[in-house]
Amino acid sequence: MLIPRFHAFSALLLAAFCFSSFSSVTFAQSKEEHEHHDADEHHDSHSDEHEHEVEIIQVNSTRSGRTVDSEPIRVEVINQEELTEKAIMRPGNISMLVAETGGVRVQTTSPALGSANIRLQGLYGRYTQLLNDGLPLYGGQAASIGLLQIPPTDLARVEIIKGSASSLYGGSAMGGVINLISREPGDEFEAELLLNSTSRDGQDLTTYLASPLNNSSGVSITAGAHHQAEQDFDNDGWIDMAGYERYTLRPRLFWESDNGARVYATVGAMTENRDGGTRTNLLLSDGFDFQQNQDSERFDLGLTATGPLADTLTWNVRSSAMTQRHAKQFGIRTEDDRHESYLLESSISGYTVDMQWVVGAALQSERFESEDFPMFDFDYTAPGIFGQVDYDFSDNLSSSVSARLDDHSEFGQQLSPRVSFLYRPALWTIRASYGQGYFAPTPFVEEIEAAGLSRLSSLSNIQEERAETASLDIGYQIDKLETKLTLFSSKVDGVTELVAFSAENNGELDRVRLVNAEGESRIYGSEVLLRYKWNDFKLTASYLFLDATEYDQNTQSRQKLALTPKHSAGLVAMWERHGEFRVGFEAYYTGTQRLDDNPYRNDSDTYWHLGLMGEKTIGNISWFINFENLLDIRQTKEDPLVLPSRSAAGQWTTDIWSRNDGFIVNAGLRIRFGGH
């Protein structure tokens with residue numbers, strides 16, 4: 001185990017921070033970066049007294065190295081300003097950062113443990129590749145719980161690519177990419193400490209330290225300690241909010257030579273104990289209690305390096321390794337397993353007056369070993385070659401064409417192409433993209449992550465899942481009003497799903513098998529975004545429409561995808577005076593969703609989520625308070641969470657279609673030192 005008790009580690013972090021604070025560094029208030037949220041147009045926020053220059057943002061999630069407004073592939077950016085806002089609302093993990101982005105939905109996959117994954121434009125969360133500085137440090141197919149184990153403390157921005165990105169990152173990015181970009185050390189020492197406490201008996205302590213070592217290198221270190229007490233809101237004996245104790249540590253090294261060569265290296269460690277299920281002595285309908293716990297330990301390494309090879313050529317290397325151990329309990333059963341993920345990639349890029357290109361080769365590996373169910377072990381390796389060409393036809397018209405050919409050890413050769421165009425007449429910005437991708441299925445669909453492997457039959461004749469995605473983005477800016485309309489579609493063949501059956505042929509559905517679904521899953525949708533800025537006020541409104549269906553073999557017809565609302569919308573109003581205060585209000589609407597295997601209802605209710613936050617800054621200290629779920633929405637107010645009997649897959653709960661934490665308040669302080 002990495003860590004001692006929570007309070008001991010908290011004291012250690014405070015001591016380390018105080019030691020750094022009494023160094024000879026001059027204290028100064030930290031200056032926040034102000035980048036635009038959308039990748040298509042971006043401006044620094046400003047006050048009446050100061051006028052800021054427009055900052056050039058270079059996209060890290062594509063291989064071209066272009067700036068965001070000249071990139072044919074649409075990349076949405078969650079900037080430093082919004083990261084700062086969301087970090088005080090949910091300091092323990094990044095779920096809120098991405099959940100309130102248009103077209104992005106954080107879906108709870110295990111009500112017992114609170115785990116969740118990220119669905120982009122209606123596609124299943126397992127198709128989303130989660131990266132850190134372009135590296136799969138959380139695994140090529142990160143488990144749902146991983147989203148809740150990443151603190152946002154050291155992030156500079158988040159970049160999101162929606163739609164198939166398999167041509168860029170292989171089979172784990174069939175639905176898109178979320179790339180977490182870390183902060184880099186500046187010219188001076190800087191530090192940040194954040195303390196947070198919630199009305200649900202949760203506490204967070206995170207710290208960030210960064211310093212230059214010399215003119216060419218710098219280091220940073222991020223550490224966190226997080227605690228949540230178990231909560232049973234409706235007093236039915238089932239834990240509605242899982243308890244956990246988690247510790248994270250991540251040092252980073254940055255180096256740059258005089259000739260432009262750059263090296264970035266990182267090491268990460270995380271340990272967590274998470275507890276859910278029934279409270280002590282509660283019996284379910286089968287006459288037994290059911291404790292559901294998961295202990296996790298993760299360790300990862302990452303390295304990127306780049307440098308000049310000739311006047312117009314550059315070499316690039318990326319590599320990472322991750323290992324994660326789980327000790328799980330599902331009632332009387334235990335499951336101990338180990339996940340491993342590896343990446344080694346090398347490429348050469350070059351440019352001419354009108355063209356940029358890159359060619360390279362990569363080797364990706366995903367391994368899983370179970371001590372209790374070895375029939376589900378897998379060892380996937382996928383060597384591949386890739387290439388990308390960006391060409392500027394004129395000042396207003398450019399294109400990006402990329403393709404990747406993987407030779408997957410289990411599913412054979414897989415070709416993943418993508419083509420994107422950018423047209424910018426006057427104040428208009430128009431992007432069009434089309435891509436194909438694949439996903440290498442594993443036993444860990446959402447239901448199995450929630451219920452374990454004990455009721456799953458051995459896999460046989462499973463084929464890869466394949467998708468086609470397309471999008472059209474149209475943006476226009478009128479003075480201080482920004483508008484954007486996005487039309488998109490996705491078609492997925494061979495979606496893996498669970499089918500229930502009776503092991504004893506007695507009519508009782510007590511086992512499941514994984515199969516490729518017949519027919520296509522089809523998703524058509526649109527996003528509308530409006531953003532208005534006036535002096536210190538900022539208003540953002542968004543709307544998402546989804547027409548998502550799948551083929552139902554039982555009825556021989558199409559039906560709506562479960563847990564996929566047709567209509568959702570959001571409104572955020574912010575009044576901010578930089579360096580003094582910020583006050584914000586947010587309202588999010590979620591429409592009706594079809595529910596699977598829910599004995600209490602076939603369709604969910606609509607609901608609103610309202611929030612109010614405030615932050616006051618005096619010198620280098622900011623005090624904040626945040627009110628979440630003002631309407632006290634909680635699913636267990638409508639129906640029980642616990643099922644009358646255990647499902648065929650082994651779950652004891654219905655799916656989460658609403659919020660399940662009720663009204664909650666969190667408050668704390670953030671202390672900054674150094675910087676400039």
Side-chain angles (χ1 to χ4, degrees), residues 39-40 57-77 129 131 133-136 140 159-179 181 262 304-310 312-319 343-364 382-394 397-407 413-424 431-438 467-471 473:
D40 301 320
I57 305 173
Q58 181 173 308
V59 173
N60 291 27
S61 300
T62 64
R63 300 186 182 276
S64 61
R66 287 174 173 259
T67 58
V68 291
D69 54 357
S70 63
E71 175 59 66
I73 299 174
R74 182 186 175 186
V75 182
E76 294 190 37
V77 176
Q129 172 71 82
L131 303 173
D133 293 308
L135 299 170
E159 299 177 355
I160 302 175
I161 301 176
K162 301 172 187 175
S164 176
S166 292
S167 66
L168 300 174
Y169 294 101
S172 298
M174 187 177 78
V177 168
I178 295 180
N179 192 8
I181 309 299
R262 292 172 58 90
T304 63
T306 183
L309 192 60
T312 61
L313 297 178
T314 303
W315 58 267
N316 303 273
V317 172
R318 297 192 310 142
S319 62
L343 168 70
L344 179 61
E345 177 187 293
S346 180
S347 64
I348 297 176
S349 58
Y351 65 91
T352 64
V353 175
D354 299 320
M355 183 174 67
Q356 293 176 294
W357 57 268
V358 59
V359 293
L363 176 64
Q364 291 180 296
I385 55 175
F386 58 86
Q388 178 172 307
V389 176
D390 289 9
Y391 185 77
D392 297 330
F393 297 98
S394 66
L397 180 62
S398 58
S399 66
S400 177
V401 179
S402 57
R404 184 184 185 107
L405 179 64
D406 289 326
D407 186 15
Q413 293 186 350
Q414 303 289 336
L415 178 64
S416 303
R418 180 176 178 129
V419 57
S420 301
F421 292 94
L422 169 64
Y423 181 46
R424 293 186 294 176
R431 285 182 171 86
S433 291
Y434 171 82
Q436 296 180 359
Y438 78 99
E468 296 181 50
T469 64
S471 65
D473 303 287

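These numbers come from the heavy atoms of this one structure, side chains and all, not from hydrogens, waters or symmetry mates. Throughout, numbering of the chain's residues begins at 1 and tracks the sequence.
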key: Heavy-atom closest contact (Asp406 atom, Gly170 atom, distance)   = OD2-CA, 3.9 Å

request  = Examine distances only and state if a side-chain atom of Arg418 and a backbone atom of Ser166 form a donor-acceptor pair shorter than 3.5 Å.
outcome  = no

inquiry  = Show the nearest heavy-atom pair for residues Asp407 and Gln413, with the distance to one decimal.
reply    = OD1-CG, 3.9 Å

message = Return the OG to CZ distance between Ser416 and Arg404, rounded to the nearest 0.5 Å.
response = 8.0 Å

For Ser398, all residues meeting side chain to side chain donor-acceptor pair (under 3.5 Å), sequence neighbours excluded = none

ask   = Can you find a pair of side-chain heavy atoms, one from Gln388 and one from Phe386, that are under 4.5 Å apart?
value = no

message = What I'd like to find out is whether the side chain of Ile73 reaches to under 4.5 Å of the side chain of Ile161, using heavy atoms alone.
response = yes

Pro136 backbone acceptor or donor facing Tyr169 side chain under 3.5 Å = no

Asp473 and Lys162, any side-chain heavy atoms less than 4.5 Å apart = no

inquiry  = For Ala173 versus Val177, what's the shortest heavy-atom pair and its separation?
reply    = CB-CG2, 3.7 Å

task = Report the residues that fulfil ring pair (Phe, Tyr, Trp, His ring centres under 6.0 Å) with Phe393, sequence neighbours left out, ordered by chain and then residue number.
result = Tyr391

remark   = CD of Glu71 to OG of Ser61, rounded to nearest 0.5 Å, is 9.5 Å

query = Has the side chain of Ser399 got a donor or acceptor atom that lies under 3.5 Å from a matching backbone atom of Ser420?
reply = no

note = Contacts of Ser167 meeting side chain to side chain donor-acceptor pair (under 3.5 Å) (sequence neighbours excluded), chain-then-number -> Ser402

inquiry  = Just so I know, are the side chains of Ile181 and Glu159 near enough to count as touching, which here means a heavy-atom distance under 4.5 Å?
reply    = yes

inquiry  = Give me the atom names and distance for the closest heavy-atom approach of Ser400 to Asp390.
reply    = OG-OD1, 2.7 Å

message = Once rounded to the nearest 0.5 Å, what's the spacing between atom CD of Gln364 and atom CG of Leu343?
response = 5.5 Å

inquiry  = Please check: side-chain N/O of Arg424 versus main-chain N/O of Asp69, any donor-acceptor pairing under 3.5 Å?
reply    = yes

inquiry  = Nearest 0.5 Å, please: how far is CD1 in Ile178 from CD1 in Ile160?
reply    = 5.0 Å

query = What heavy-atom pair brings Asn316 and Ser349 nearest, and what distance separates the two atoms?
reply = ND2-OG, 3.5 Å

ask   = How far apart are the C-alpha atoms of Val401 and Phe421, what are their side-chain angles, what is the distance that settles it, and do they pass the side-chain contact (heavy atoms from CB on, under 4.5 Å) test?
value = CA-CA 9 Å; Val401 179; Phe421 292 94; 5.8 Å; no

ask   = To the nearest 0.5 Å, how far apart are CZ in Arg74 and CG in Leu422?
value = 12.5 Å

query = Side chain of Thr469, backbone of Ser164: donor and acceptor closer than 3.5 Å?
reply = yes

request  = For the pair Thr312 (side chain) and Gly350 (backbone), establish whether a donor and an acceptor sit closer than 3.5 Å, ignoring hydrogens and angles.
outcome  = no

task = Kindly indicate, with the supporting measurements, whether the criterion side-chain contact (heavy atoms from CB on, under 4.5 Å) is fulfilled by Ile348 and Leu309.
result = CA-CA 9 Å; Ile348 297 176; Leu309 192 60; 4.2 Å; yes

message = Asp392 vs Arg66, test: salt bridge (Lys or Arg N to Asp or Glu O under 4.0 Å). Steps then yes/no.
response = CA-CA 12 Å; Asp392 297 330; Arg66 287 174 173 259; 2.8 Å; yes

task = Indicate the atoms forming the closest heavy-atom contact of Gln356 with Ser64, along with that distance.
result = NE2-O, 3.3 Å

query = Taking atom CG of Asn60 and atom CG of Leu131, what is their separation to the nearest 0.5 Å?
reply = 11.0 Å

task = Could you tell me whether the side chains of Gln436 and Tyr438 share a donor-acceptor contact shorter than 3.5 Å?
result = no

